[in-house]
Amino acid sequence: MREPGCDDDRALVQTLTVIAVEGEVMRVEGARMSACAACAAKRGCATAALGELTGGGALALTLPRSPGARPGDTVELALPGAALVGTAGLAYLLPAVALVAATGVFSGLGLPEPVVALLCLPVLALAFLPLRLAERRGRMLAGLRVERVTPGSRHGAGS
């Protein structure tokens with residue numbers, strides 16, 4: 001059964017495994033989702049190459065405990081489309097717009113290109129500040145919902 005608000009057809013859904021349950025929180029892990037594997041342009045794409053170099057890594061999250069979740073269970077998590085678009089805007093759109101605006105302003109002042117480039121570096125760093133603040137306040141995961149908990153295999157101490 002889907003929770004209210006998670007019926008979004010544009011929701012990003014991923015299945016993760018519960019690694020630990022500690023009080024009111026649970027830690028979940030799983031493989032990072034990537035569209036690169038199915039992309040026809042993968043061979044000539046710098047993003048795909050960078051992903052292969054970094055190994056992608058595992059996705060690890062700490063979330064409020066879902067009732068009945070225990071280590072070894074799998075959970076289906078959904079992030080509604082609107083939350084995904086908002087997060088992507090903070091992560092990708094805001095820094096790009098800030099960088100273009102800063103370049104335009106500094107160039108309009110008649111500054112030489114090396115000076116413009118140096119002045120754009122702190123602007124770019126500051127453009128990521130709203131993303132960092134949202135992450136620290138827990139707003140990045142606020143829209144994330146546990147859709148379903150599936151019990152995993154549980155083995156006794158002697159197994």
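Numbers here are sequence positions counted from 1.
- From Met26, atom CE reaches atom OG1 of Thr62 across 10.0 Å, with rounding to the nearest 0.5 Å.
- The line from CD of Glu147 to OG of Ser66 is 10.5 Å long, rounded to the nearest 0.5 Å.
- Applying the side chain to side chain contact (heavy atoms under 4.5 Å, CB included) criterion to Leu121, with sequence neighbours excluded, gives Leu118.
- Here the CZ-CZ distance, from Arg65 to Arg70, works out to 9.0 Å after rounding to the nearest 0.5 Å.
- Here salt bridge (charged side-chain N to carboxylate O under 4.0 Å, His left out) pairs that include residues 111-129, with residues two or more places apart or in two chains, number zero.
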For residues 90-110, run the donor-acceptor check on the side chains, cut-off 3.5 Å, and write out each pair with its distance to 0.1 Å, sequence neighbours left out.
{"unit_1": "Thr103", "atom_1": "OG1", "unit_2": "Leu99", "atom_2": "O", "d": "2.8"}
{"unit_1": "Ser107", "atom_1": "OG", "unit_2": "Thr103", "atom_2": "O", "d": "2.9"}

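- You'll find the side chain of Asp73 stays beyond 4.5 Å of the side chain of Thr17, heavy atoms only.
- Clustering ILVMFWY residues whenever any of their side-chain heavy atoms sit less than 4.5 angstrom apart, transitively, puts Leu16 in a cluster other than the one holding Ile19.
- The hydrophobic clustering, which links ILVMFWY residues whose side-chain heavy atoms are closer than 4.5 Å, places Leu61 and Val149 together.
- Two residues are said to be in side-chain contact when any heavy atoms from C-beta on lie closer than 4.5 Å; Val13 and Glu76 meet this criterion.
- The shortest side-chain heavy-atom distance between Pro71 and Val21 falls under the 4.5 Å cut-off.
- The shortest distance between side-chain heavy atoms of Leu63 and Leu77 falls below 4.5 Å.
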Notebook entry, point to check: Stepwise, does the side chain to side chain contact (heavy atoms under 4.5 Å, CB included) test hold for Thr15 with Val75?
Noted result: CA-CA 6 Å; Thr15 302; Val75 292; over 6 Å; no
